[in-house]
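Have a look at the structure below before the remarks.
Every chain is numbered from 1 and lettered A, B, ... according to where its sequence line falls, protein lines coming before strand lines.
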Number of protein chains: 2
Amino acid sequence: MNTIDALPKAELRQQFNKTGLRFTPQREAVWRLFESDPAGFTIAQVTAVLAPQKIGQATVYRTIRALQDLGYLKWVHDRSGEHRFVASRPGHSHMLVCRLCSKAVECSDCDLSVLEKLIASQTGFAVEGHHLEFFGLCPECS
Amino acid sequence: MNTIDALPKAELRQQFNKTGLRFTPQREAVWRLFESDPAGFTIAQVTAVLAPQKIGQATVYRTIRALQDLGYLKWVHDRSGEHRFVASRPGHSHMLVCRLCSKAVECSDCDLSVLEKLIASQTGFAVEGHHLEFFGLCPECS
DNA sequence: ATCATTATTGATAAATGTTGTCAACTATGA
DNA sequence: TCATAGTTGACAACATTTATCAATAATGAT
Ligand SMILES: [Zn+2]
Ligand SMILES: [Zn+2]
Ligand SMILES: [Zn+2]
Ligand SMILES: [Zn+2]
């Protein structure tokens, strides 16, 4: 059960190539791992899981950064405040993270423009963007 | 120019003591540093600044965690995604972070309940809380 | 103010986490 | 198929975080 619909392999390859990056088996392995679990992984977890497949940690770091830059990976916060990476679609969105099963689902259609205008008028701050993360219980855990 | 009004030293001491913690000169020094600059600091910056005062990095780590637990320190993200700590008042709030001068101001009175209800009805997620961070330009940098 | 209690400190070491290097390798477009 | 240029992983170098512990000092009670 995935957070997002399976991403065509060709699309991802194209996105990599567009930036001069190559879509290698190692990078595909990292992506497939994220796609396999909507709860996401910390970097340490990814290296641990992929170690048997002989994928070096340098590659893990590089790939996670690349996927982030392409918008296919976003981070959410753990209870302890550390970052966990989660598969996502490119573009701005918010994340809903389950307190129990840690599943994260992406939410793209929430509008904060009213709030941003309110802040602008109250504080004089010119808001350009935001990061918003929700936590609670997913339907299955409720 | 501080983000927040100066916090009475006695209040902070009391908050520490209430939890069985002691308000030491080292802890006060760390707090004063955060209070002195609304842009906040990364852990590395704090240790660098306080090194001449012979404050060990272990103490810095311990104190930052304690201040966080008491609610007097919150983190924001800088461009690279790393955490910077900023003085704050206990309780839930949002942060407005300036893209240019990095100043962070706390914003306590924004209501997301409407949005949370919308999410609940759209996704079945029972929202319990959130983390919201704005970025843009402060009045001085606009 | 003095004291006994008990948390705190900082130096050091140990453990983790992250980035740099580079020769061998391989995905890509022509 | 081939030349080009990005990628890999082992390893080292570096950075960050946590653990230890004897000496020190803040606290609440007296
Ligand atoms: Zn759940
Ligand atoms: Zn973060
Ligand atoms: Zn809020
Ligand atoms: Zn500014």
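Residue B/Gln57 contributes atom CD, which lies 12 Å from atom C1' of D/dA15 at whole-angstrom precision. Atom pair A/His83:NE2 and C/dG17:P shows a separation of 16 Å (rounding to whole Å applied). Distance, B/Gln14 CD to D/dT27 P: 12 Å, rounded to whole Å. When the P atom of C/dA27 is taken as reference, atom CG of A/Leu12 falls 16 Å away, rounded to whole Å. Atom CD in A/Gln45 sits about 17 Å away from atom C1' in C/dT18, given to the nearest Å. Atom NZ in B/Lys18 sits roughly 13 Å away from atom P in D/dG28 (whole-Å rounding). We find that OH of B/Tyr61 is positioned 17 Å from P of C/dA15, with the value rounded to whole Å. For the pair A/Lys9 NZ and C/dA27 P, the interatomic distance rounds to 11 Å; values are reported in whole Å.
Ring geometry for A/Phe23 against A/Phe16 counts as tilted: the plane angle lies between 30° and 60°, on a 0 to 90° scale.
A/His83 and B/His77 have their aromatic ring centers within a separation under 6.0 angstrom. Under the 6.0 Å cut-off for aromatic ring centres, A/Phe34 and A/Phe41 qualify, their centroids lying closer than that.
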Decide yes or no on ring-ring contact (aromatic ring centres under 6.0 Å, His included) for B/His130 and B/His94, but give the supporting numbers first. CA-CA 10 Å; B/His130 59 260; B/His94 309 147; 5.2 Å; yes
Could you go over nucleotides 4-7 of chain D and give all protein N or O partners under 3.5 Å, atom names and distances?
unit_1, atom_1, unit_2, atom_2, d
D/dA5, N3, A/Arg22, NH1, 3.2
D/dA5, N3, A/Arg22, NH2, 3.3
D/dT7, OP1, A/Arg22, N, 3.1
D/dT7, OP1, A/Arg27, NH1, 2.4
D/dT7, OP1, A/Arg27, NH2, 3.2

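Rotation axes derived from the C1' atoms of the five outermost pairs at either end of the helix from C/dA1-D/dT30 to C/dA30-D/dT1 lie 60° apart, to the nearest 10°.
No more than 12 heavy atoms of other residues, nucleotides or ligands sit less than 6.0 Å from atom CD of B/Gln14.
In this structure, a donor-acceptor pair under 3.5 Å is present between the side chains of B/Ser93 and B/Glu106. When only modelled atom types and interatomic distance are considered, B/His131 and A/His131 share no side-chain donor-acceptor pair under 3.5 Å. Side-chain contact, B/Tyr72 with B/Glu11: a donor N or O sits under 3.5 Å from an acceptor N or O.
Summary of the strand contacts: B/Arg65 and B/Asn17 both lie near DNA chain D, and taking for each the nucleotide with the nearest heavy atom, the more 5' one is attributed to B/Arg65.
When the nucleotides C/dG10, D/dT16, D/dA26 are ranked by their closest atom to the side chain of B/Pro25, D/dA26 comes out on top.
Here the side chain of B/Thr47 pairs a donor or acceptor atom with the backbone of B/Ala44 at under 3.5 angstrom.
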